[in-house]
Amino acid sequence: MTNHTTLLVRYGELGLKGGNRPAFERSLCANLKAAIGPLPGLRTERLRGRILVRAEVSLESSLQRASQVFGVTSVSPVQVVHLDLPPIVECAVQQVSHSLEENFLGQDKVLFRITVNRSNKAFPHTSRQIIDALAGAILPQFPQLQVQLKGAELDLEVDLREQQALVFARRRPGPGGLPVGTLGRGLTLLSGGIDSPVAAWMCMKRGLRMEFVSFDSFPHTGPQSREKIIRLAEQLSLWQPRTFLHIVPFAAYQEAIRDACPSPYRTVLYRRAMTRIACRLASRRKCKALVTGESLGQVASQTMQNIAAIEDASSLPILRPLIGMDKIEAIALARRIGTYELSTLPAPDCCTVFQPESPVLFATREETHAAEAALDVDTLTSNAVRGTEKLELPEEA
Ligand code: ATP
Ligand code: MG
């Protein structure tokens with residue numbers, strides 16, 4: 001018996017996309033290969049509405065990476081065995097045992113079915129005979145299994161192909177969503193907080209390839225703010241093939257606001273400045289929307305009026321996937337995607353630099369424009385864009 005693992009990938013929502021389906025599937029295959037590879041002979045193959053990922057080496061250790069690709073609903077490690085009944089049965093027993101341990105530990109009743117796909121018509125046993133042989137070996141060993149064809153929790157599948165048989169029963173859930181890149185590109189304003197990494201992840205899940213921009217107040221904040229942002233962007237890069245992070249030197253713009261504008265408006269004006277700079281970078285990088293971690297009413301500055309005053313400076317749609325989320329929900333998601341520990345590392349954010357005693361809560365358009373009137377917005381924006389540094393992540397060691 002060969003002991004070679006390939007991966008069977010299931011995807012959900014793609015099926016709904018009608019004429020777009022082939023493009024979505026191509027993206028999904030490319031993203032899977034990027035997440036797993038490079039590996040010798042790595043290739044993907046369509047298999048009855050699923051994708052089979054193969055390589056010349058075993059893909060057992062690639063399971064985790066494959067289950068972090070958006071669009072994937074679940075992944076099964078598949079054993080490839082000789083086209084002969086005894087090794088198929090032996091492998092099936094192992095797979096069922098493994099699946100019970102991995103997915104159903106402590107469950108005293110597991111609804112079970114066997115599915116045989118006999119696409120190789122020359123195989124010298126009928127499907128019925130194969131199922132009987134499998135059931136005869138498996139059921140006595142695992143009394144918790146209860147055969148039920150409809151709504152089974154554990155499905156043992158055997159696929160008889162021309163050269164070999166595929167056997168699988170384990171399943172690891174994927175994140176669902178749509179393949180990154182199928183909806184174009186977005187640019188997330190990434191702070192060191194909890195919310196913006198979650199916002200980025202949510203939009204990546206809906207098919208946006210994400211780039212990141214972060215505003216750095218160095219020397220008013222230390223080098224640890226920059227390190228923290230790089231680590232956050234690296235963590236998020238686990239969910240897409242390539243990641244660019246733009247770091248904007250923001251101190252000069254902030255100093256100009258401090259020196260020339262009424263202090264209660266500082267936070268709103270910082271945000272307008274960020275929005276303008278982000279729009280310029282977005283157009284350069286072909287990003288069609290900005291993404292922020294704003295949530296209604298979460299901090300005093302996030303009132304409808306302030307959100308409107310900030311959006312007024314944008315030439316692009318601003319997506320705010322957290323708008324209706326509680327902090328507790330955002331924290332739970334941040335933990336799940338592995339950004340929470342990084343976000344809670346201590347490091348000051350640029351917004352706290354020169355923070356006023358009493359920031360404006362309900363900015364009006366007129367007052368905002370008046371507050372900004374003394375600034376040379378174009379020059380400040382151009383200078384910040386010119387000084388922006390572009391990193392590709394993960395950085396070479
Ligand atoms: P977060 O947890 O994402 O920082 P928050 O609830 O602390 O969000 P704010 O600090 O008011 O909210 O920031 C609102 C949004 O503005 C952030 O979610 C982020 O998208 C953007 N933002 C704030 N500071 C920065 C920064 N230094 N660089 C890039 N974007 C920023
Ligand atoms: Mg913040």
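The figures that follow rest on heavy atoms only: side chains count, while hydrogens, waters and symmetry mates do not. Counting starts at 1 for both ligands and their atoms, following the listed order.
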Polar contacts were defined as any N/O atom of the residue lying under 3.5 Å from an N/O atom of the ligand; does this apply to Leu189 and ligand 1? yes

Short N or O distance, Phe215 and ligand 1, threshold 3.5 Å exclusive: yes

Taking the basic N atoms (NZ, or NE/NH1/NH2) and the acidic carboxylate oxygens, is any pair closer than 4.0 Å for Arg161 and Glu45?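 Between Glu45 and Arg161 there is a salt bridge, with a charged N closer than 4.0 Å to a carboxylate O.
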
Which of the numbered atoms in ligand 1 are under 4.0 angstrom from any heavy atom belonging to [X]?
X: Thr292; answer: 20 (O)
X: Ser214; answer: 28 (N), 29 (C)
X: Ile194; answer: 2 (O)
X: Gly193; answer: 1 (P), 2 (O), 4 (O)
X: Val213; answer: 29 (C)

Tell me which one of [options] gets a heavy atom nearest to [atom].
atom: atom 3 (O) of ligand 1; options: Ser295, Ser196, Gly192; result: Ser196
atom: atom 1 (P) of ligand 1; options: Ser225, Ser191, Ala199; result: Ser191
atom: atom 5 (P) of ligand 1; options: Asp195, Val248, Thr188; result: Asp195
atom: atom 13 (O) of ligand 1; options: Met274, Lys327, Arg271; result: Arg271

Minimum heavy-atom separation for [X] to [Y], with atom names?
X: Glu162; Y: Leu83; result: O-CD1, 3.2 Å
X: Asn120; Y: Ala122; result: OD1-N, 2.9 Å
X: Lys109; Y: Glu153; result: O-OE1, 3.9 Å
X: Ala165; Y: Ile88; result: CB-CD1, 3.7 Å
X: Arg285; Y: Lys390; result: NH1-NZ, 3.5 Å

Side chain, backbone, both or neither: which part of Leu190 has a heavy atom under 4.0 Å from ligand 1?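 The part of Leu190 near ligand 1 is the backbone, not the side chain.
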
Taking everything shown except Arg231 itself, do over 12 heavy atoms lie less than 6.0 Å from its CZ?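 Not more than 12 within 6.0 Å, no.
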
Ring pair (Phe, Tyr, Trp, His ring centres under 6.0 Å) partners of Phe104, counting only residues at least two apart: none

